[in-house]
Amino acid sequence: MSKFNYSYIISFFICLISVNLAHAQSDPSGQKRITDSYLITNVTLIPLPGKIIQKQNILIKDGQILSVGGKLPSSAEAFQIPGDSLFAYPGFIDMANKSGVRALSIPDKEADFDPSNPPDIQAGIHPHIDVLDLYNPSHSQIADWRKNGFTVAHKVPMGQGMLPGTTGLVVYGPPESNTIIRKDVARYAKFSTIGGMYPATNLGVMAKFRDLFENARLQSRHQVIFASNQGIKIPDSNIVLQSLIPVVEKNKTLFFEINSDLDARRAITIQREQGVSLILSGINEGGQLITTIKESGAGVVLSLNLPDENNQEFADDVQQTERTEQIEEINSAYIDKLKVAGEYEKAGIPFAFTAKHLGKDKFYDNIRLMLKNGLSNEAALAALTVNPAKMLGIENITGEIAPGKMANIILTTDTLFNDDSQVKYVIANGYVFEYPLKKPSKNGKEEGSYWEYDTETASGSATGFFEISYQSGTTTGSISYDDPQGKGKISSSLNDLKVSSNRIAFTFVVKTASEDLTIAVEGDVSDNSITGTMRIGDYESFPFNATKTAKPKQ
Amino acid sequence: MKYLLNFLLLVVPLFGMAQTKSNDFVIKNGTVLTITNGTLSHTDIWVENGKIKELGPDLKVPANISVVDASDKYIMPGIIDAHSHIALEAINESTSPITAEVWMGDVIDPFDVAIYRALAGGVTVTHAMHGSANAIGGQNVTLKLRYGNSDPLALRMTEAPRTIKFALGENPTRVHGRGKNMQPRSRMGVEAVIRNGFEEALQYKRVWEEYEKAKSQKNSTAVPPAFSLRLETLKDILAGEIIIHCHSYRADEIYMLIQVCREYGIDKIVFSHVNEGFKVAPELAAHTMGASIFSDWWAYKFEVYYSTAYNAAVLTKNGVLTSINSDSGEVIRHLYHEAAKSQRYGGLSDEEALALITINPAKQLGIDPYVGSIEVGKQADLVVFDHHPLSIYAIPQMTFVDGIKYFDRASDEADQRLKINPSELIEPIFLKEHDHNCMQNVDFYFTNFGRNLFEHRH
């Protein structure tokens with residue numbers, strides 16, 4: 001009887017293992033690991049920006065890159081990843097990211113709370129709080145960012161306040177593994193307040209910075225005198241000031257999140273007055289600011305977030321000439337924003353990127369927009385790899401693909417920022433994450449697609465069809481809907497049509513008895529379905545879903 | 001809730017400021033209202049390197065110098081607004097009854113289109129002030145309206161001495177007393193807050209002096225006391241290094257602060273608004289740097305009911321250094337009209353009336369050696385008018401700051417914004433409710449639609 005059981009259990013395990021092996025072929029979780037040694041063979045390698053080598057083999061073990069070269073290394077135990085037709089890039093580094101970080105829970109206010117002189121912890125002044133104590137590596141957004149190719153992130157604190165805590169470095173390996181690279185990298189600062197207490201505005205924040213830094217110097221001086229003399233009053237051990245002493249002594253960087261040109265200049269004022277070392281994160285403006293930043297020597301982290309393109313309409317009573325002029329003006333302001341990264345490159349300022357405030361689906365689209373507006377491929381890659389590594393002082397650990405570096409690698413199906421390129425594998429700290437590839441949806445392979453949609457508006461549900469056609473490089477479309485002025489279906493052509501492998505957006509005009517309504521649709525495309533929203537004029541948004549269907553024969 | 005006005009701006013590409021910049025030119029054959037030296041007809045003003053080089057009829061100037069023909073035109077010094085909140089991102093740090101440590105120079109907004117509108121009203125200098133939420137508010141900054149600069153500190157008039165905002169009466173008592181149940185809750189409380197602040201500053205000064213003295217001894221092991229930017233600032237007020245500009249309305253509180261200042265040896269104080277100033281004119285004349293008032297603005301709250309449009313004339317005739325300010329992004333566009341009202345109400349002379357918006361505010365800001373009149377050696381802040389500026393028909397034609405033309409009615413474009421929102425075709429214009437006025441950043445404020453519409457801020 002016992003024998004019988006035994007063999008049963010064994011055969012059960014064999015089944016399990018084979019299932020696991022089967023899944024290891026496509027494993028976006030990175031959890032079902034069968035080995036810690038991998039060999040990527042015959043890959044096109046971009047070890048660092050501006051360099052490309054064909055037919056390379058990369059051997060990985062224990063999270064490290066062991067060897068890189070044209071000769072196949074002998075490594076019997078390594079799991080082989082065929083790299084033929086793939087491109088290997090260093091994993092991206094996000095210079096400021098909050099995914100997985102929760103806000104510090106602040107103690108309740110005391111009964112005698114004085115808003116004109118609140119305790120630091122309540123006023124958003126807690127630079128000593130360790131961001132990684134509040135970090136959850138299992139957060140779903142981290143998997144999303146990894147899927148885009150991010151393998152290392154500089155985590156910054158959540159929440160409001162001018163000095164919310166320290167920053168820390170993590171690798172996007174599986175949450176069960178050790179994901180912490182380095183704690184206490186810099187002190188995070190921003191022009192932000194809690195509200196309802198001092199400081200409440202940038203006025204108070206600037207004054208408070210000056211006060212804190214000067215008192216940190218004085219506390220340090222007191223401690224030095226105390227340490228080497230007798231009969232000295234015990235120095236105060238204000239934890240806030242204590243954590244700012246390394247900043248005023250230039251041993252820790254002030255990592256300043258900014259949201260505007262004027263924020264950047266204010267942070268530079270602090271840098272100049274207090275003699276601290278500064279990195280500006282979230283820059284989204286160029287122009288005259290570039291000169292000021294260059295002179296300051298501050299580290300530059302540009303925002304990957306870009307404004308939305310204008311899609312508003314004018315009222316009918318506005319003159320046509322005014323409309324044209326105003327639309328030109330706003331479009332040029334929009335283009336200026338797309339040009340910012342290219343401007344910094346042209347000014348010779350090495351910069352990194354932050355994905356903070358950016359939707360994960362917009363990452364590649366935004367990089368491509370920057371590339372179309374003056375940014376070079378090399379600078380874009382550098383901003384995601386070697387530049388942040390240098391700024392963070394981890395260039396000896398990561399930022400490029402070379403022996404002795406962390407195994408942080410992206411394997412793509414085409415050159416990185418190419419429209420059709422897809423991420424096939426992301427390797428973070430030696431853990432392999434594999435992603436299913438999407439079938440290309442356009443470029444002549446298909447002549448078009450036909451979709452049945454349904455939407456739920458305030459006045460009831462509506463259904464219809466729309467069609468996208470690709471002909472000699474241009475994309476056109478039309479949509480059918482219930483005629484608001486009569487019976488039956490009518491159709492309109494699609495305007496502002498934008499289609500990518502995972503995103504679709506278009507507008508169309510519906511004529512009603514009283515006005516022309518512009519309907520804007522946008523959504524995520526996955527395989528044969530679209531999930532998105534429909535906005536009617538300036539009124540409201542409604543869900544809009546569609547499934548691909550066969551075009552009915554006329 | 002914010003009132004939203006969809007304001008359709010006519011849009012024409014921005015004209016480059018650079019093309020109009022020229023430091024050397026001559027304004028020929030104009031009627032020059034010097035303010036300090038009468039009216040000079042058929043007179044040329046030669047401007048070189050941003051300053052007035054020569055003044056007189058038929059000046060011999062270099063042949064190739066650019067010429068502004070001012071025949072039939074009037075030229076006056078750039079208008080100076082001694083109480084303004086334009087070009088600021090924040091106005092009140094209203095969280096404490098004393099916020100002497102904050103500085104408006106940290107929140108200059110060089111992109112505020114109100115700067116251009118002020119230039120179009122002939123204004124060249126504004127005193128960008130903290131709001132009136134606190135008994136002792138923040139330090140102000142004096143700005144030259146160099147519109148087109150992205151660097152906020154490029155607008156700062158570096159020659160100007162430090163100034164600070166004080167506020168008496170209903171605003172600080174409402175914000176702190178009624179709003180947060182702390183001192184000051186009454187006019188008496190306002191005085192106590194100011195006195196306590198000064199006393200604390202004296203103690204702070206003594207502690208630091210003792211430390212500095214001990215530190216200078218050989219082998220000193222003196223440990224430093226705590227630093228307070230707030231008390232440092234109050235200390236500097238007591239040392240006479242900072243001019244107080246005090247928001248005030250009632251005669252009793254004005255007289256109170258005069259007494260407090262005399263007690264602490266402070267003579268650098270200007271009272272702002274001062275609607276009941278006519279009741280304490282002799283005291284203002286004897287002990288202060290004067291009053292900066294509204295022409296005829298009144299009755300917008302209880303403490304402002306006892307007012308008269310004759311205030312400017314009464315104060316002037318009593319020897320009080322008097323200026324007229326805007327405290328508003330709208331009134332700032334026609335301060336020359338406001339000055340003219342002092343002729344209708346009280347019959348001031350042309351020179352007295354124009355002094356209210358030029359040399360007098362310059363004196364109150366401590367910048368009269370540089371601006372405020374048309375004199376050789378002064379900075380070339382000039383406005384060219386088509387009519388006499390005290391005429392109701394007067395319209396500014398050109399405005400120069402440091403000899404650079406920042407406004408020219410002939411090339412005035414429909415859209416003069418420096419920053420265009422890339423996503424909003426029609427940028428929302430927020431009618432100024434409690435977010436944008438003298439009580440900005442103060443949660444608790446009474447509303448007045450008409451006043452807020454025009455950004456009045458007191």
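Convention: sequence-line order gives letters A, B, ...; per-chain numbering from 1. A quick note: this is a predicted structure, and the numbers were derived from the prediction, not measured.
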Heavy-atom pairs under 4.5 Å with chain B - which of [options] has more of them than the others?
options: Leu262(A), Asp308(A), Thr292(A); result: Leu262(A)
options: Leu218(A), Asp236(A), Ile232(A); result: Leu218(A)
options: Asn215(A), Asn331(A), Val224(A), Asp336(A); result: Asn215(A)
options: Glu214(A), Lys208(A), Lys337(A); result: Glu214(A)
options: Pro307(A), Ala200(A), Gly195(A); result: Ala200(A)

Euclidean distance, [Y] [atom2] relative to [X] [atom1], rounded to 0.5 Å:
X: Arg266(A); Y: Ile108(B); atom1: CZ; atom2: CD1; answer: 10.0 Å
X: Ser220(B); Y: Ile225(A); atom1: OG; atom2: CD1; answer: 7.0 Å
X: Ser150(B); Y: Leu289(A); atom1: OG; atom2: CG; answer: 8.0 Å
X: Ile268(A); Y: Leu153(B); atom1: CD1; atom2: CG; answer: 11.0 Å
X: Ser116(A); Y: Gln183(B); atom1: OG; atom2: CD; answer: 10.5 Å
X: Ile330(A); Y: Ile420(B); atom1: CD1; atom2: CD1; answer: 8.5 Å

Segment of Gln219(A) engaging chain B (4.5 angstrom heavy-atom cut-off):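 Answer is neither: Gln219(A) stays 4.5 Å or more from chain B.
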
Can a cation-pi geometry be assigned to Arg230(B) and Tyr198(A), taking NZ or CZ under 6.0 Å from the six-membered ring centre and within 45° of the ring axis?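 Arg230(B) over Tyr198(A) ring: yes.
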
Side chains of [X] and [Y], heavy atoms from C-beta outward: is any pair under 4.5 Å?
X: Val102(B); Y: Met206(A); result: no
X: Val223(B); Y: Arg221(A); result: no
X: Phe227(B); Y: Asp211(A); result: yes

So does Asn149(B) get a backbone contact from the side chain of Gln288(A), meaning a donor-acceptor N/O pair under 3.5 Å?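 No, because the side chain of Gln288(A) does not come within donor-acceptor range (under 3.5 Å) of the backbone of Asn149(B).
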
Is there a donor-acceptor pair closer than 3.5 Å between any side-chain N or O of Glu93(B) and the backbone N or O of Thr201(A)?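 Yes, because the side chain of Glu93(B) sits within donor-acceptor range (under 3.5 Å) of the backbone of Thr201(A).
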
Thr221(B) and Asn229(A): which non-hydrogen atoms are nearest, and at how many Å?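 Closest approach of Thr221(B) to Asn229(A): CG2-OD1, 3.2 Å.
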
Closest heavy-atom pair and its distance - Asp261(A), Phe111(B):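 Reported closest heavy-atom pair: OD2-CZ, 3.8 Å.
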
Heavy-atom contact with chain A under 4.5 Å, split by part of Met182(B):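 For Met182(B), the side chain is the part near chain A, not the backbone.
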
Does a salt bridge link [X] with [Y], judged by any charged N lying under 4.0 Å from a carboxylate O?
X: Lys419(B); Y: Glu285(A); result: yes
X: Glu232(B); Y: Arg210(A); result: no
X: Lys180(B); Y: Asp114(A); result: no

Quick one: which of Leu229(B), Asn421(B), Ile98(B) has the most heavy-atom pairs under 4.5 Å with chain A, could you say?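 Option with the greatest count: Leu229(B).
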
